[in-house]
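Each chain gets a letter, A, B and so on, in the order its sequence line appears, and its residues count up from 1. Bear in mind the structure is a predicted one, so any value in this text is a computation, not a measurement.
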Number of protein chains: 2
Amino acid sequence: MMKKVSLQDISQSLNISKGTISLVLNGRGDEKRVSKKTQEKIIKFAQKHNYKANQLARGLSMGKSDMIGLIVPNISDSFYARIARRIERKARLHGYNVVFSSAGESKDRESELIQSMLDRQVDGLIIASSQKNENDIKRLKRNKFPFVLIDRHYPNIKTNYVGVDNIGGISAAVEQLITLGRRRIGFVTLKPGLEAIHERALGYTQTMEKHGLSIEEGFIKELDYENIEVEISNAIKTMVSSPTSIEGIVFATHYLTAAGLRELKKLKIRVPYDVAIISFAQMSAFDLIEPPITSVIQPVDELGDKAVDILLKNLRKEVKDYERFKLKTELVIRKSCGAQ
Amino acid sequence: MMKKVSLQDISQSLNISKGTISLVLNGRGDEKRVSKKTQEKIIKFAQKHNYKANQLARGLSMGKSDMIGLIVPNISDSFYARIARRIERKARLHGYNVVFSSAGESKDRESELIQSMLDRQVDGLIIASSQKNENDIKRLKRNKFPFVLIDRHYPNIKTNYVGVDNIGGISAAVEQLITLGRRRIGFVTLKPGLEAIHERALGYTQTMEKHGLSIEEGFIKELDYENIEVEISNAIKTMVSSPTSIEGIVFATHYLTAAGLRELKKLKIRVPYDVAIISFAQMSAFDLIEPPITSVIQPVDELGDKAVDILLKNLRKEVKDYERFKLKTELVIRKSCGAQ
DNA sequence: TTGAAAGCGGTACCAA
DNA sequence: TTGGTACCGCTTTCAA
């Protein structure tokens, strides 16, 4: 790479001190009463030689990097990818670049990544945590490091957080099935561990109870995230056959829905005639599936925006406390739930 | 944020010079013949106080940041998201963090982002370019800055590049339709501009010609990327009705497929009975759609890996010239093409 | 075997 | 209005 011009270089060529040049190039020339003509000279020279400040040096000197770190379980999951897109866009508008990493569901990986980003001197973090990493989150908080949790959070640690209304979302799904006459409604979800999953389970049980519907043995299936493809088969099979004989299923995540539907098709179960289904969270082709999938849509853009908003406020030290948001979801009704 | 310990701090507390401490903490203590006991003292102290080097300072001093920049049109597109995932993973294994940005299809945005990353002193770049930004690419090349183009490339500029075999991929798709007896085969694609799109068009025309099939008026539809949802309607309508009366359609991208299929369903065209379809590139739920979509799969993981491999080689200056790869695609046959 | 100092490329403060 | 200098935190070279 061609050697870049530095302040030093300009200083020598022009016989002007680095300090003045720095001021002018940062637009503080007038404010600091640098004469018009030196300003001009500097700016002309800088443009001609295409001077660009070294952000590493700048960061070191100013004690900030203008970078924010984004850690998610998996950037290739459309949910996080869409959030990432939004976060990056908004961050850039405010002069920040974002460095990202996927941590899987591993506490250790997540911990390493956080440390790696701190070493890089990111000014703030946005994290969709594995929720097994209480230590780091507490440490960040204790050190007053600016960060906001998204999607996944630690209910017992008071931190900034932006997520969605899981209970409300699932409730709407269950209600919809009930409205359409289903009473034996099942819930396919993940093994406990994530707060969001816990809340979705609550949404299911509360709504069933509210309508006086009993949750029988076999109505709830908790699968292992690492082993969904295998476990789904048995889960669906037992649900649809007697004595469970489910009439409707709510899936707790989009990928559970996809896996479940694959199995239902394999078993030649007719959706929604035999079993109606609704998905919490969506995939881009859900409207093209036969039948089109009713799903609870999460406000992804809003989530990303809000996270950045909060982080920026923290970076500007405009806050004393923490903020928590549970964004409203929306139920998009399509044929899979038995509507129409 | 709690004040972090610096080399300075350790130096004062221990009465050992920063230099030696730096050596030891970088594992070069033995090599540089630092006595066992000072090494121990340093390491113990560092661990106890949780010393972590400031990577900004380190980068400034060493003239490298251990960061690589990734620029794609849209990180929320599953294709790029999956590549990003892979790139980040592999980069991290080699000690690099990655900062990413979405440039849309805008030359100016892309140009800004490249500059922003260069200012940040990234050690290398991986770019899926808008292909309207010849200037920057040439400049990077002229300056011997390490970078590799992915997916999109400039055929007239000799640079590192990893893409897929577009011609072969589309050919396989067209051949498949021909094998299944379709002769009036159409091609729905984007307006020219991207090399990959050009190649896919070539794949289509060449294969049709090879089999002596004429490409009649209306067989090829070129849509505007910004306006697909609107234009697709007319495109599909005219294709399926006389005189065009298409029997099969190859879509040049996954989102064109999704849009096209939506329209076909709306028109109640039966796929594959009335019209068989094949998609170049895939979406995660393509197997769940009715009918399941035959598609040309791109080797996303391999693409990401290869890009990082090449970049790393360049970062280590192990290369004089440039490398180009066209990775093989795979045709996954499902019902939408009329098979079975 | 260890220390001292220069340098990386900026910013900011104090004098002049 | 401008210059000089210290400093950010690390690496590296040269002496001791």
Side-chain angles (χ1 to χ4, degrees), chain A residues 1-43 45-46 49-67 118-123, chain B residues 1 3-43 45-46 49-67 95 118-123:
Chain A
M1 193 72 190
M2 181 180 64
K3 197 194 161 304
K4 295 166 200 152
V5 289
S6 67
L7 278 192
Q8 188 73 266
D9 301 331
I10 305 188
S11 171
Q12 285 175 348
S13 306
L14 255 36
N15 257 314
I16 301 177
S17 80
K18 288 201 304 177
T20 331
I21 301 174
S22 171
L23 283 177
V24 172
L25 262 19
N26 283 308
R28 309 202 297 150
D30 289 339
E31 168 196 344
K32 290 294 185 172
R33 318 177 158 288
V34 177
S35 75
K36 276 294 169 215
K37 65 174 199 290
T38 42
Q39 286 206 45
E40 259 176 44
K41 229 195 314 190
I42 292 170
I43 291 176
F45 189 95
H49 293 78
N50 194 31
Y51 169 80
K52 304 287 176 188
N54 179 328
Q55 298 298 322
L56 248 43
R58 186 159 206 271
L60 176 59
S61 176
M62 311 226 301
K64 66 196 202 61
S65 63
D66 289 334
M67 291 199 305
L118 293 180
D119 295 350
R120 282 249 131 71
Q121 312 298 120
V122 295
D123 296 335
Chain B
M1 190 74 189
K3 196 194 161 305
K4 293 167 200 151
V5 290
S6 68
L7 278 192
Q8 187 74 268
D9 301 331
I10 306 188
S11 171
Q12 285 175 348
S13 307
L14 255 38
N15 255 315
I16 300 178
S17 80
K18 289 199 303 178
T20 7
I21 299 174
S22 170
L23 283 177
V24 172
L25 261 20
N26 283 309
R28 309 201 299 149
D30 289 339
E31 168 197 343
K32 291 293 187 173
R33 320 179 155 287
V34 178
S35 75
K36 277 292 169 218
K37 64 174 198 296
T38 41
Q39 287 205 44
E40 257 176 44
K41 230 194 315 187
I42 292 170
I43 291 175
F45 189 95
H49 293 78
N50 194 31
Y51 169 80
K52 303 287 176 187
N54 178 328
Q55 298 297 321
L56 248 42
R58 188 161 206 269
L60 177 59
S61 176
M62 311 225 303
K64 66 196 201 63
S65 62
D66 289 334
M67 291 199 305
L118 292 179
D119 295 349
R120 281 249 133 69
Q121 312 299 118
V122 295
D123 294 336

How many whole angstroms separate atom CD of Q121(B) from atom C1' of dG10(C)?
11 Å
Whole angstroms only, please: what is the CG-P distance between D119(A) and dC8(D)?
19 Å
Spacing between K18(A) atom NZ and dC8(C) atom C1', to the nearest angstrom
10 Å
Shortest side-chain distance from S17(B), nucleotide among dA4(C), dG9(D), dG4(D):
dA4(C)
May I have the distance from K64(A) (atom NZ) to dG9(D) (atom P), rounded to whole angstrom?
16 Å
For D9(A), which contact category applies under a 4.0 Å heavy-atom criterion: base, sugar-phosphate, or nothing?
nothing
A46(A) versus L25(A), closest heavy-atom pair with distance
CB-CD1, 4.0 Å
Identify whether any heavy atom of N15(B) sits under 4.0 Å from a base atom; if not, whether one sits that close to sugar-phosphate; answer base, sugar-phosphate or nothing.
sugar-phosphate
Using the closest heavy atom to pick a nucleotide of DNA chain C for each, name whichever of K32(A) or L7(A) lands nearer the 5' end.
L7(A)
Considering just the side-chain nitrogens and oxygens of N26(B), establish if one lies under 4.0 Å of OP1 or OP2 belonging to dT11(D).
yes
Between dT12(D) atom C1' and L25(B) atom CG, what is the distance in whole Å?
16 Å
Checking only heavy atoms, does the side chain of S61(B) share a donor-acceptor pair with the base of dG7(C) at less than 3.5 Å?
yes
Closest non-hydrogen atom pair, S22(A) against L7(A)
CB-CD1, 3.9 Å
Has T38(A) got a side-chain N or O lying under 4.0 Å from the OP1 or OP2 atom of dT2(D)?
yes
What integer distance in Å separates Y51(A):OH from dT11(C):C1'?
10 Å
Could you report the tightest heavy-atom contact between L14(A) and K41(A), atom names first, then the distance?
CD2-O, 4.1 Å
Under 4.0 Å from OP1 or OP2 of dT11(C): is there any side-chain N or O of R28(A) that close?
no
Within the side chain of S13(B), is there an N or O that forms a donor-acceptor pair under 3.5 Å with the backbone of D9(B)?
yes
Keeping the roles fixed (side chain from N54(B), backbone from L56(B)), state whether a donor-acceptor pair exists under 3.5 Å.
yes
dG10(C) OP1/OP2 closer than 4.0 Å to side-chain N/O of S22(A):
no
Selection from dT2(D), dT1(C), dG10(C) that lies nearest to any side-chain heavy atom of V34(A):
dT2(D)
Counting side-chain heavy atoms from C-beta on, which of dG3(C), dT2(D), dG9(D) comes nearest to T20(A)?
dT2(D)
Could you state the CD1-P distance from I21(A) to dG3(D), rounded to the nearest angstrom?
8 Å
By the 4.0 Å heavy-atom rule, please label I16(B) as base, sugar-phosphate, or nothing.
sugar-phosphate
Look at all strands and tell whether K37(B) reaches a base, only sugar-phosphate, or nothing, counting heavy atoms closer than 4.0 Å.
nothing
Quickly work out the N54(B) CG to dC8(C) P distance and round it to whole Å.
18 Å
How is G63(A) classified with respect to the nucleic acid when contacts are heavy atoms under 4.0 Å: base, sugar-phosphate, or nothing?
nothing
Counting only side-chain N and O atoms of R58(A), is one of them less than 4.0 Å from OP1 or OP2 of dG9(C)?
no
I want to verify a distance call: between dA12(C), dT2(D), dG9(D), whose nearest atom is closest to the S6(B) side chain?
dG9(D)
Counting the atoms with a prime plus P, OP1 and OP2 as sugar-phosphate, which does R33(A) contact under 4.0 Å by heavy atoms, base, sugar-phosphate, or nothing?
base
Kindly say whether D66(B) contributes a backbone atom to a donor-acceptor pair with the side chain of R120(A) at under 3.5 angstrom?
yes
